[in-house]
**Q** 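First the structure, which I've put down as structure tokens, then a few questions once you've had a look.
In listed order, ligands and their atoms are each counted from 1. Counting from 1, the numbers follow the sequence of the chain as shown. Bear in mind the structure is a predicted one, so any value in this text is a computation, not a measurement. As a basis for the values below, the full set of heavy atoms in this structure was taken, side chains included, without hydrogen atoms, waters or symmetry mates.
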Amino acid sequence: MFLSNPALLLYAIAILLTVFRLLSKTCLIHFLKKWWRSLEDKCYVYQFYKVPKFNDNMQENQLHRKVYTYLNSLPTVEDSDFANLFSGNKSAEINIMLDKNQVVVDNFLGARVYWMNEKCEKTGLQSLILKIRKKDKRRILVPYWQHIHSVFDEIEQKQKEVRLFVNSESERQRNGRWRSVPFTHPATMETVVMDADLKTKIKSDLETFLKSKQYYHRLGRVWKRSYLLYGPSGTGKSTFIAAMAKFLSYDIYEIDLNKVENNSNLKNLLLQTSNKSLIVIEDLDQYLCEKSTAVSSSGILNFMDGISSEERIMIFTMSSKENIDQNILRPGRIDVHIHFPLCDFSAFKTLASSHLGLKDHKLFSQVEEIFQIGASLSPAEIGEIMISNRSSPSRALKTVISALQNNVASRVTRKLSGSGSGREMEELYESAKESQNGSVQPMKELKNLYGFLRKSGRRPSMDILDAGEKDNSNHGN
Ligand SMILES: Nc1ncnc2c1ncn2[C@@H]1O[C@H](COP(=O)(O)OP(=O)(O)OP(=O)(O)O)[C@@H](O)[C@H]1O
Ligand SMILES: [Mg+2]
């Protein structure tokens with residue numbers, strides 16, 4: 001009938017569109033949903049569970065706190081008829097909280113459950129009531145509670161204030177060996193300049209670790225992981241530790257080995273750390289090579305093995321791992337080796353973008369050429385030049401270029417003065433000295449130096465994290 005009469009068809013479509021619009025713009029759709037839900041309710045048999053806020057002795061029921069936190073994290077809490085708004089920890093953050101006598105719907109493993117935030121008018125006592133279909137109960141109830149617990153743990157972990165613990169000298173200690181302050185370092189994984197793939201690999205390695213309790217236990221291994229961050233000064237090792245702590249919301253326990261009196265004190269320090277923490281020893285190579293601590297090498301090895309410390313990440317930093325005993329670097333003691341290199345052109349571009357807001361500039365090609373020659377400055381050095389010249393990006397780049405040129409020149413100077421030079425080398429030596437006067441040098445002279453440096457076989461390198469469990473054998477290189 002509609003097909004034979006197009007006017008009628010258009011008329012019907014218009015009516016449908018109007019009804020649809022009316023439903024979506026007004027609360028009619030809400031009433032229809034409610035009506036449908038109550039119709040559904042009549043067709044199923046439900047079971048109810050009550051989670052009171054307090055027990056008979058008026059002690060707080062921790063399960064209530066967990067479930068309430070969980071429910072307020074659900075997107076469906078926004079759909080309840082009435083919700084409370086609170087300001088969050090960060091500025092402009094608003095938290096939505098379920099109001100009394102409101103219902104929130106949750107879906108889990110294909111089943112729909114209802115939670116009511118009940119407040120008794122007479123006693124004023126609050127409870128959360130779970131309504132679940134009897135037929136779903138057996139299938140989902142146990143995993144559902146586990147799910148609530150783990151979501152709650154995740155939320156708590158994220159909201160936790162990260163603290164920095166440092167070890168104090170024993171005679172001064174009164175209440176334990178560790179002292180702590182809130183850890184407010186502003187570094188994050190996003191602000192650390194690092195090869196993007198490497199950063200992604202590290203983040204996923206950390207995330208995998210967090211979820212691997214059962215896996216480690218099945219293998220009979222202690223659930224912990226150790227990282228070595230090595231590289232020259234000012235390349236971001238300490239900054240990266242801060243970023244890791246933020247990323248994981250783990251506390252940092254930083255051990256100053258100079259303040260540790262003997263092996264057993266070191267062991268005790270580890271025992272007094274809490275789980276979900278980063279245990280850090282900076283500049284381990286210095287302690288090992290200079291033997292400047294009262295702790296012996298075997299004490300350090302036992303500490304690294306730390307059999308009683310679960311759910312911890314150990315981090316060691318070194319300027320180089322060249323002269324380090326392979327026993328210390330072996331997988332199990334150190335699982336992941338991460339090299340922090342001096343700046344290359346790509347790191348320079350990231351710094352220019354974050355520090356100066358520059359995505360590109362006509363001086364970039366010159367910077368790239370000097371990096372190809374083998375100039376090597378740390379991100380700290382380049383970052384500092386950019387910060388102090390941030391009002392003029394061109395001046396910042398020119399200053400970076402002369403600093404890089406000076407760096408190349410001084411390295412050639414050092415090499416030549418140490419090796420006895422022929423005529424050609426002496427010329428290079430002169431041009432190198434000239435280029436140390438701080439002005440931007442013509443690229444030709446620097447390219448000559450490049451030829452020299454290539455012959456001397458010096459290029460900065462970067463070895464990449466290999467976070468896989470299987471490939472740990474590559475790490476001890
Ligand atoms: N890769 C990087 N990304 C971001 N900032 C960096 C990086 N490297 C260095 N910096 C900046 O340089 C400064 C020094 O960095 P950091 O202390 O982390 O270096 P480090 O490798 O720990 O040096 P050291 O070996 O001397 O302790 C910090 O202010 C940091 O912000
Ligand atoms: Mg450091």
**Q** Any Lys/Arg nitrogen of E310 or R221 sitting under 4.0 Å from an Asp/Glu carboxylate oxygen of the other?
**A** no
**Q** Using a 4.5 Å cut-off on heavy atoms from C-beta on, say whether the side chain of N84 contacts that of L98.
**A** no
**Q** Identify the closest protein heavy atom to atom 27 (O) of ligand 1: which residue and atom is it, and at what distance?
**A** S238 OG, 3.9 Å
**Q** What verdict does the salt bridge (charged side-chain N to carboxylate O under 4.0 Å, His left out) test give for R333 and D305, after you've listed the backbone C-alpha separation in whole Å, the side-chain angles of each residue and the deciding distance to 0.1 Å?
**A** CA-CA 6 Å; R333 291 216 171 100; D305 293 341; 2.8 Å; yes
**Q** Measure from the side-chain N and O atoms of K199 to the backbone N and O of M189, and report whether any donor-acceptor pair falls under 3.5 Å.
**A** yes
**Q** Has T317 got an N/O/S atom less than 2.8 Å from the Mg ion (ligand 2)?
**A** no
**Q** For the pair T200 (side chain) and A196 (backbone), establish whether a donor and an acceptor sit closer than 3.5 Å, ignoring hydrogens and angles.
**A** yes
**Q** Flag atom 29 (O) of ligand 1 as yes if some protein heavy-atom distance to it falls below 4.0 Å, otherwise no.
**A** no
**Q** Which of the listed options, V193, L229, T239, T350, holds the heavy atom that is closest to atom 18 (O) of ligand 1?
**A** T239
**Q** Closest non-hydrogen protein atom to atom 24 (P) of ligand 1, residue and atom name please, with distance?
**A** S233 OG, 3.6 Å
**Q** Which protein non-hydrogen atom lies closest to atom 25 (O) of ligand 1, naming both residue and atom, and how far is it?
**A** K237 NZ, 2.8 Å
**Q** List every atom of ligand 1 that sits less than 4.0 Å from any heavy atom of T191, numbering the atoms from 1 in the order shown and giving each element.
**A** 4 (C)
**Q** Report yes if some N/O of G236 lies less than 3.5 Å from some N/O of ligand 1; otherwise report no.
**A** yes
**Q** Taking the side chain as every heavy atom from C-beta outward, state whether K321 and D285 have any pair of such atoms under 4.5 Å apart.
**A** no
**Q** Does an N or O anywhere in E282 fall below 3.5 Å from an N or O of ligand 1?
**A** no
**Q** When you measure from the heavy atoms of D283 to every atom of ligand 1, does any distance fall below 4.0 Å?
**A** no
**Q** Mark yes or no for whether D325, through its side chain, and I328, through its backbone, hold a donor-acceptor pair below 3.5 Å.
**A** no
**Q** For the side chain of D283 and the backbone of M318, is there at least one donor-acceptor N/O pair under 3.5 Å apart?
**A** no
**Q** Is G234 in contact with ligand 1, taking contact as a heavy-atom separation below 4.0 Å?
**A** yes
**Q** Between P379, P186, S319, which one has a non-hydrogen atom sitting closest to atom 6 (C) of ligand 1?
**A** P379
**Q** Under 3.5 Å, is there a donor-acceptor pair between the N167 and R177 side chains?
**A** no
**Q** Just to confirm, does any protein heavy atom lie below 4.0 Å from atom 22 (O) of ligand 1?
**A** yes
**Q** Which protein heavy atom lies closest to atom 13 (C) of ligand 1, and at what distance to 0.1 Å?
**A** A380 CB, 3.8 Å
